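Data first, discussion second: the structure below is written as structure tokens.
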Number of protein chains: 2
Amino acid sequence: MQRALGAAEMRCAQAQERLTDPRRRVLELLLGSDGPLKAYDLIAAYGEAGEPAKPPTVYRALEFLERLGFAHRIESLNAYVPCRLDADGHSAAFLICECCGAAEEFEPDFTAQFAAAAHAGYTVRAVTLEARGACAACRR
Amino acid sequence: MQRALGAAEMRCAQAQERLTDPRRRVLELLLGSDGPLKAYDLIAAYGEAGEPAKPPTVYRALEFLERLGFAHRIESLNAYVPCRLDADGHSAAFLICECCGAAEEFEPDFTAQFAAAAHAGYTVRAVTLEARGACAACRR
DNA sequence: CGCTGAAGCGTTACAACATAACATGTCTGT
DNA sequence: ACAGACATGTTATGTTGTAACGCTTCAGCG
């Protein structure tokens, strides 16, 4: 996790962006969780001594983290996870377990989708994919 | 649109489900729109004479329509569209224009994703994909 | 150094989205 | 006609997300 924070710091410097306190704090909370976190979970957990953050504080940090690719929003859960992949693109794909709530990021292959998009005349900027099902542990 | 409503009626009968008034009305509104509709758009437009519906009326109808595959929710827009495809699966894929708000459904090819899921031990029940970009008209 | 403009933050208030819970109605089979 | 299941109406409330404003901080520059 220190490593992940350090890497984020680096990438910010490269991008001429700043990993300010609230941004760093929210990323820290995401990295420290073992599952997707809701915005209001982050708001509640924000203060070191238990005081919650104000919503815009967290939403602004999340917007930044998504923009830089440090976090992803999982639309079908209204929740957020830290990016676990190295690749620097703007696409995200998740396997979501409907039983235990785990969400695992994986490297998608959107070749077929890009072809379909091109055929329809669309230019794609970003793709998100959310597959719902059961993880190995829950399937047993 | 009459045809689509008729087809829905048929498929309900086959599935031993009922296309009741609120369900039919919401489907009608979705079919009559030229773009994704928000839940509260539906609520506002529900009454023939302008009176809005109560939220649960519309949300329950939407839940039914999604369950039968007559409509899809577009997570990244918090909006709903009627299903425009014949296929009867539970997967949905959209090309969403960030400029004009159009959302076009297409037939996805999830072979690669299913392979990735299997590799991770996941059993996939349903997949949704939302590609954001610019449509042909807006790209010009 | 001190100014300036841009980006970021804190705060208040509110808007948008969604559901719980319970009472009432309406179909279906017997 | 009755029971049970499913659907709806209604009230209230919970959850998620943003607008708008003023203040602070930081980097660039004369």
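Computed from a predicted model, the values in this text were never measured in an experiment. Per chain, numbering begins at 1; letters A, B, ... match sequence-line order.
- No donor-acceptor pair under 3.5 Å is formed between the side chain of E75(A) and the backbone N or O of R73(A).
- One atom, CG of D21(A), and another, P of dC9(C), lie 8 Å apart when rounded to the nearest Å.
- Note on P56(A): a base of the nucleic acid sits closer than 4.0 angstrom, heavy atoms only.
- Aromatic rings of H119(A) and F106(B) (six-membered ring for Trp) have centroids beyond the 6.0 Å cut-off, not under it.
- Put simply, R18(B) has no side-chain N or O that comes within less than 4.0 Å of OP1 or OP2 on dC27(C).
- Counting heavy atoms from C-beta on, the side chains of L68(A) and L19(A) never come closer than 4.5 Å.
- Across all strands, R60(A) comes closer than 4.0 Å to base atoms (heavy-atom distances).
- Using five terminal pairs a side, the axes of the helix from dC1(C)-dG30(D) to dT30(C)-dA1(D) at its two ends make an angle of 30°, given in steps of 10 degrees.
- Going from atom CG of L37(B) over to atom P of dA16(C) covers 16 Å, rounded to whole Å.
- Contact annotation: R73(B) side-chain N/O to dA18(C) OP1/OP2 distance is under 4.0 Å.
- Note on L27(B): it does not cluster hydrophobically with L85(B), by side-chain heavy-atom contacts below 4.5 Å among ILVMFWY residues.
- By the neighbour-count criterion of 12 heavy atoms within 6.0 Å, atom CD of E63(A) is sparsely surrounded, having that number or fewer from other residues, nucleotides or ligands.
- Rounding to whole angstrom units, CZ of residue R23(A) and C1' of dA7(C) are separated by 8 Å.
- For DNA chain D, the contact window with chain B, defined by any atom under 4.0 Å from a protein heavy atom, covers dA7(D) to dT11(D) in 5' to 3' order.
- Between I43(B) atom CD1 and dA18(C) atom P the separation is 9 Å, expressed in whole Å.
- Distance D41(B) CG to dC17(C) P: 8 Å, rounded to the nearest Å.
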Discussion item. What verdict does the side chain to side chain contact (heavy atoms under 4.5 Å, CB included) test give for F110(B) and L129(A), after you've listed the backbone C-alpha separation in whole Å, the side-chain angles of each residue and the deciding distance to 0.1 Å?
Written reply: CA-CA 10 Å; F110(B) 288 140; L129(A) 180 145; 3.7 Å; yes
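- For Y59(A) and dT11(C), the OH to C1' distance is 17 Å, given to the nearest whole Å.
- T57(A) is not listed as a side-chain neighbour of V26(A), based on a closest heavy-atom distance of 4.5 Å or more.
- Within 4.0 Å of Y80(A), counting heavy atoms only, lie sugar-phosphate atoms of the nucleic acid but no base atom.
- Toward the 5′ end of DNA chain C lies the nearest nucleotide of A61(A), the other residue of the pair A61(A) and K54(A) mapping further downstream.
- Here E105(A) contributes atom CD and L95(A) contributes atom CG; the two are 10.0 Å apart, rounded to the nearest 0.5 Å.
- Looking at R84(B) and L31(B), their side chains come closer than 4.5 Å, going by heavy atoms from C-beta outward.
- At a threshold of 4.0 angstrom between heavy atoms, the contacts of E17(B) are confined to the sugar-phosphate backbone, with no base atom among them.
- Interface remark: the Y40(B) side chain does not form any donor-acceptor pair with the dA15(C) base, using a distance-only criterion of under 3.5 Å.
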